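Step one of this worksheet: look at the structure below.
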Amino acid sequence: MSDPSGPTRSLKPSELDQLPDRDREETAEWQASLDAVVRHAGPDRAVYLMRRLHEVAARSGIRLPELLTSDYINTVPAAAQSAFEGDLALESRITALNRWNAAAMVTRGAPAGLGGHISTYASAAWLYEIGFNHFFRGKDRDGSGDQLFVQGHASPGIYARVFLEGRLSVADLDGFRREATGHGLPSYPHPRRLPWLWEFPTVSMGLGPLGAIYQARFNRYLHARGIKDTSGSRVWAFLGDGEIDEPESTAALTLAARENLDNLTFVVNCNLQRLDGPVRSNFKIVQELEARFRGAGWNVVKTLWGEAWDPLLGQDTGGELVRRLGETPDAQLQTLAARDAAYIRKSFFTGDALSALAASLSDVQVVELFENSRGGHEPLKVHAAYRAAVDHVGAPTVVLAQTVKGHTLGAAFESRNANHQMKKLTMDQFRTLRDVLELPIPDSALAGDRVPFWHPGPDAPEVRYLHERRAALGGPAPARKVRSRPLALPSAKPFESLQKGFGHQEVATTMALVRLVKDLMRDKETGARWVPVIPDEARTFGMESLFPTAGIYSPLGRTYDPVDADQLLFYNESPSGQLIIEGITEAGSVAEFAAAATSYATHGEPMIPFYIFYAMFGFQRTGDQFWALADQMGRGFVVGGTAGRTTMTGEGLQHGDGHSHLLAATNPAAVSYDPAFAYEIAVIVREGMRRMYGEQPDNVFYYLTVYNEPKQQPPMPAVPGIEDGIIRGLYRYRSADPAVSGPRIQLLSSGTAVHWALRAQELLAADWGVQADVWSVTSWTELRRDAMGADAARTRGEERVPFVTEALSGAPGPVLAVSDWMRQVPDQISQWVEQDYFSLGTDGFGLSDTREAVRRYFGVDAESIVVTALDRLSRSGEVAHEAVSQARARYGLDR
């Protein structure tokens with residue numbers, strides 16, 4: 001651009017320099033015209049003209065790069081606002097009642113120290129009410145409706161609305177954060193605690209936005225595969241501007257844009273405050289978010305200012321007001337919302353042009369501009385923004401709504417940094433709130449020391465209107481309704497195939513599980529309901545054979561010639577593809593898994609997600625999401641491939657998983673198994689199918705760890721009760737010869753460690769005359785949970801013996817447990833084992849070397865097991881103490 005005070009200067013080198021200029025004279029004329037505008041009308045006028053030309057070009061179909069930011073004003077002009085179909089007076093009274101009851105609910109719990117959040121909903125009330133009255137679809141029509149990801153700290157306002165509907169009582173509201181009785185209300189959206197209301201847990205900030213994107217994507221997946229028509233469903237995600245700092249909040253923005261998820265709307269409550277202060281004190285979070293979302297390919301709708309600003313902007317012929325709004329940092333806007341007119345005139349309306357604009361305004365009007373006239377507080381502005389969002393085609397939309405945190409709660413709350421920690425209002429503050437909200441609550445009702453809830457009665461105009469609007473939109477919202485049907489179990493053939501074993505062929509348990517899933521996907525009854533989710537490791541896990549048959553889901557299909565098209569297992573993308581390959585994102589994969597795992601409730605369509613990943617990067621990296629999955633009552637199979645600390649040794653420290661079973665054990669909904677053989681996998685998966693998808697489904701998900709080490713896979717032994725033992729967590733795989741006398745020991749092992757124990761059994765017998773029984777522990781965690789259940793039963797006066805105690809009862813000798821996990825994993829059951837108990841494990845960091853060397857390093861190989869077994873037997877005098885040192889020398893463990 002030319003310098004307005006001098007001659008045209010040369011432009012900086014740019015990418016355009018490498019393109020031929022077909023008419024240099026014409027280019028020079030355009031540049032000169034722009035220079036003239038800058039000299040005679042100023043840079044603001046030049047910017048205005050350039051942006052107008054940009055709009056004209058876009059309307060004409062000329063492709064230009066999008067501008068990343070726009071002025072700090074509303075996207076939808078006042079003249080273009082959509083018609084409002086509702087009764088604004090009634091909706092205002094409904095919103096006022098919800099504000100009151102939300103504040104009352106939190107305040108009434110304050111004497112008990114329960115806490116709660118008041119200010120978030122106070123700022124966002126209209127953002128929800130406009131949605132509930134005009135946009136959010138219920139489930140009564142197609143069973144799906146819209147999916148609402150409610151901002152966690154706004155839950156009191158949602159409870160207040162449900163109370164007004166009649167779905168909650170006064171007693172329910174008084175149960176806010178009082179759940180021990182089994183009848184209280186959870187503090188935040190927790191489906192497991194309130195399963196008829198909440199669909200999505202969102203208060204673990206950042207996970208809600210990520211989950212919403214993948215929910216919208218999964219809706220399209222269901223539709224494309226012909227499972228269910230979800231074309232009418234829209235996902236709404238409400239989040240705070242401070243929440244955007246969580247990396248998960250924006251991790252999948254480009255996915256939503258490149259797949260054209262125009263069934264998705266984010267609503268960001270930009271009250272400019274996070275938990276304890278401004279979100280961007282010296283900057284502007286709205287502009288930052290606009291640039292981030294536009295850059296990712298989203299449609300952005302800003303609703304920043306209320307109608308009081310419209311005439312001022314219409315008089316801003318020189319652009320001074322727009323420029324001042326754009327340059328005022330967020331912390332200053334927060335201060336302006338809390339100060340008097342004199343301060344605002346002195347600090348904001350400075351200079352001749354701005355002073356003239358404010359001269360016609362009274363002090364009350366000046367204060368009103370910043371205290372109340374924010375776009376997110378005015379229903380007509382919010383309605384216009386939402387209408388623009390749902391009408392937009394081809395891309396997701398984010399609505400950036402500017403509000404004041406603590407709005408209507410009085411000067412002690414509004415725009416105060418501490419308001420997130422303020423949990424109650426005084427009775428005087430409630431009287432002021434009543435007057436501000438214009439509620440017909442008499443002074444006599446506020447005479448005591450406990451604020452009342454207020455309901456106008458079931459036949460009041462407000463309540464009738466509320467029900468009419470929800471009926472028109474398809475029923476109540478939010479609402480969770482489980483209407484799914486049980487799935488028929490697949491035929492026995494795929495399971496029997498694994499139970500027969502693989503003969504002399506060595507097969508890793510990873511390959512055995514993948515083969516089972518591939519066979520199950522061919523099942524006529526349930527095959528189409530499997531949803532394989534893979535984070536860019538399909539070939540690693542041997543799933544590439546599914547590429548040409550099941551196909552990889554892509555809404556665009558395949559717009560290119562695959563580089564491997566001449567190969568049998570070529571990369572095959574299709575709109576009806578069954579596999580979901582997420583790329584390098586465990587977080588995105590878990591979010592997709594959660595959407596599929598809860599489809600039985602969200603859409604009434606049970607799906608069977610199968611998520612396989614590097615075990616190290618499962619519960620360690622995305623444990624918070626698995627906790628949310630449990631809250632959301634998801635069902636499906638989670639598979640940790642290349643499990644254990646010593647089977648993936650070439651990768652080294654950060655790939656060696658020795659602790660995911662310990663992390664999974666902390667999740668009450670995770671049913672964890674560490675199978676050693678293919679037949680164990682068959683039994684576990686079949687039981688998982690029955691338990692999660694049968695007549696009385698459990699709200700659990702299965703976690704299986706499988707190994708990349710090829711081993712012989714024998715047929716299932718003909719041992720009485722073996723299937724029950726596999727499911728419950730323990731069975732005797734190979735007994736010692738009962739006819740041989742001598743010292744005895746019990747070797748408990750899981751996963752790949754069973755093979756070490758079997759070799760140790762042979763060495764103990766051949767070299768030391770010790771007879772060992774080898775047990776396969778398919779689940780240390782399930783054994784522990786059963787034992788804890790037995791303990792709890794005894795406290796109730798019931799006699800019940802833990803399964804692990806019963807199974808090992810009378811087994812001679814000490815018990816030695818070994819696994820490819822840290823010792824705390826097998827130590828979970830130690831207190832319920834009557835025999836002397838000792839464990840071996842892979843505590844510490846992993847390292848790179850051969851499997852044999854690393855197992856020797858951790859002291860879990862067969863020889864180390866033998867030495868430890870002899871040591872335990874020597875302590876009871878069953879073998880000579882010298883045998884321990886002799887064994888150590890014999891096997892080279894003394895070096």
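Since this is a predicted model, take the numbers as computed values, not measurements.
The aromatic ring centroids of F136 and Y128 lie 6.0 Å or more from each other. In summary, the aromatic rings of H134 and Y386 are positioned with their centroids too far apart to meet the 6.0 Å limit. Proximity of the aromatic rings of Y188 and H153 is defined here by a centroid distance below 6.0 angstrom, and this criterion is met. A ring-centre distance under 6.0 Å is found for Y159 and W198.
Across every non-hydrogen atom of W126 and H377, the tightest pair is CD1-O, 3.2 Å. The minimum heavy-atom distance between T107 and L425, with the atom names listed, is OG1-N, 3.3 Å. Counting all heavy atoms, side chain and backbone alike, A445 lies closest to I441 at CB-CG2, 3.9 Å. Taking every heavy atom of both residues into account, R192 and A669 meet most closely at NH2-CB, 3.8 Å.
For S187, there are no side chain to side chain donor-acceptor pair (under 3.5 Å) partners two or more places apart in sequence or in a different chain. By the side chain to side chain donor-acceptor pair (under 3.5 Å) test, D786 is found to be paired with R800, residues two or more places apart in sequence or in another chain being considered. Under the rule for a side chain to side chain donor-acceptor pair (under 3.5 Å), R483 has no partner lying at least two apart in sequence or in another chain.
Electrostatic pairing of D142 and R137 counts as a salt bridge here, judged by a charged N lying under 4.0 Å from a carboxylate O. Using a 4.0 Å cut-off between a side-chain N of Lys or Arg and a carboxylate O of Asp or Glu, R794 and E798 do not qualify as a salt bridge. Between E288 and R280 there is a salt bridge, with a side-chain nitrogen of the basic residue lying less than 4.0 Å from a carboxylate oxygen of the acidic one. With respect to D459 and R464, no salt bridge is recorded, no charged nitrogen being found less than 4.0 Å from a carboxylate O. For K284 and D241, the salt-bridge test fails: no basic side-chain N is under 4.0 Å from an acidic carboxylate O.
With hydrogens and angles ignored, the 3.5 Å screen pairs no side-chain donor or acceptor of R193 with any backbone N or O of P186. Here the side chain of N101 pairs a donor or acceptor atom with the backbone of W454 at under 3.5 angstrom.
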Run the side chain to side chain contact (heavy atoms under 4.5 Å, CB included) check on Q828 and R785 step by step: do they pass? CA-CA 9 Å; Q828 291 181 89; R785 288 175 177 170; over 6 Å; no
Evaluate the criterion side chain to side chain contact (heavy atoms under 4.5 Å, CB included) for residue pair E371 and V404; output intermediate values, then yes/no. CA-CA 7 Å; E371 182 178 319; V404 173; over 6 Å; no
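Y343 carries R339 over the face of its six-membered ring, with the cationic atom under 6.0 Å from the centre and within 45° of the normal.
Under the 30°/60° scheme for interplanar angles, the aromatic rings of F626 and F619 are found to lie parallel.
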